[in-house]
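Encoded as structure tokens, the structure appears first; notes follow it.
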Amino acid sequence: VASYHQRRERFLLNLLLSSYLLMLLYVFTPWLDFSHIPLPTWVRWIGALIICVGLGLFTWTHLALGANWSGVLEISKGHRFVTEGPYRYVRHPMYGTMFWSAVGTLLLSANWFIGVSHLGAVLWIYLARVSSEEAMMIEHFGDDYRQYMTTTGRLLPRFHKRRFH
């Protein structure tokens, strides 16, 4: 197993967990009431729906990765280059679902502090990891991954390019 940036990975995981803990703090205490946004109930329900769709997409991503998934940047023995499921369309669907769910969290919580904290954590993780992740994949899979990069977007599909097979 080749692991990359272990100290940074622990920090990023703790950052994300902290943003979830803020949500619990908001639900069970009045400490974050100062940042409440008066959103209509139907907008908050849209936030809940966005989170549910995000969780479904996140699950689809995990199913596509199977044994290749890891919470840290690493290439394990027998690691396979996955281009099925959501990976057929984008290189980093898991980050996309995290952004999607962060927007849903902002709407559902109706709290700008919670929304900004969670979205900021996701953005920090994305910016810190995505280049390293792609370099790791190029190092391990070479030209196959480079070709894949030309036919898929990082977070959004490229509809004008031929799909990688």
Side-chain angles (χ1 to χ4, degrees), residues 1-26 47 50-109 113-165:
V1 174
S3 294
Y4 298 79
H5 311 285
Q6 290 178 349
R7 178 180 284 166
R8 182 190 72 190
E9 292 297 302
R10 276 193 304 275
F11 170 77
L12 293 173
L13 177 62
N14 288 330
L15 181 68
L16 186 62
L17 290 174
S18 296
S19 76
Y20 286 115
L21 289 175
L22 281 176
M23 291 178 218
L24 290 174
L25 190 66
Y26 178 59
I50 289 171
I51 291 170
C52 289
V53 170
L55 288 172
L57 293 171
F58 194 78
T59 301
W60 186 30
T61 300
H62 269 276
L63 291 173
L65 283 176
N68 295 297
W69 183 83
S70 173
V72 296
L73 294 183
E74 68 182 12
I75 298 288
S76 57
K77 186 176 180 181
H79 198 100
R80 189 174 66 81
F81 179 26
V82 176
T83 59
E84 299 89 35
Y87 291 92
R88 180 174 179 192
Y89 307 103
V90 291
R91 295 190 304 277
H92 303 285
M94 197 169 298
Y95 297 118
T97 64
M98 291 170 70
F99 280 116
W100 180 260
S101 293
V103 170
T105 298
L106 169 64
L107 297 176
L108 178 61
S109 70
F113 189 81
I114 295 294
V116 168
S117 298
H118 191 58
L119 189 57
V122 170
L123 181 61
W124 195 339
I125 289 169
Y126 173 77
L127 293 174
R129 290 185 81 187
V130 74
S131 293
S132 298
E133 190 170 324
E134 289 192 339
M136 178 185 72
M137 296 297 282
I138 288 169
E139 180 183 322
H140 193 75
F141 295 108
D143 288 338
D144 286 342
Y145 195 79
R146 283 187 192 89
Q147 172 61 32
Y148 174 69
M149 290 173 76
T150 67
T151 60
T152 57
R154 272 188 169 172
L155 293 175
L156 299 172
R158 289 186 184 174
F159 294 108
H160 63 284
K161 297 272 185 172
R162 195 173 143 261
R163 297 270 177 245
F164 184 84
H165 297 289

Are more than 12 heavy atoms from other residues, nucleotides or ligands located less than 6.0 Å from atom CG of Leu156?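 At most 12 heavy atoms, drawn from other residues, nucleotides or ligands, come within 6.0 Å of this atom.
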To the nearest 0.5 Å, how far apart are CD1 in Ile114 and OG1 in Thr105?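 The OG1 atom of Thr105 is 9.0 Å from CD1 of Ile114, to the nearest 0.5 Å.
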Below 4.5 Å, heavy atoms only, C-beta onward: do [X] and [Y] meet side chain to side chain?
X      : Y      : value
Met23  : Tyr20  : yes
Leu119 : Leu106 : no
Tyr145 : Glu139 : no
Thr152 : Arg88  : no
His92  : Val90  : no
His118 : Ser109 : no
Glu134 : Met137 : no

Parallel, tilted or perpendicular: which one describes the rings of Trp60 and Tyr89, with boundaries at 30° and 60°?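 Judged by the thresholds at 30° and 60°, the geometry between Trp60 and Tyr89 is tilted.
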By side chain to side chain contact (heavy atoms under 4.5 Å, CB included), which residues pair with His62, not counting sequence neighbours? Phe58, Trp69, Met94
Apply side-chain hydrogen bond (donor to acceptor under 3.5 Å, both in side chains) to the pair Glu74 and His79, showing each step before the final yes or no. CA-CA 9 Å; Glu74 68 182 12; His79 198 100; over 6 Å; no
Donor-acceptor under 3.5 Å ([X] side chain, [Y] main chain):
X      : Y      : answer
Arg158 : Thr150 : yes
Arg91  : Met149 : yes
Trp124 : Leu12  : no

Determine whether the aromatic ring centres of Phe81 and Tyr148 lie less than 6.0 Å apart. yes
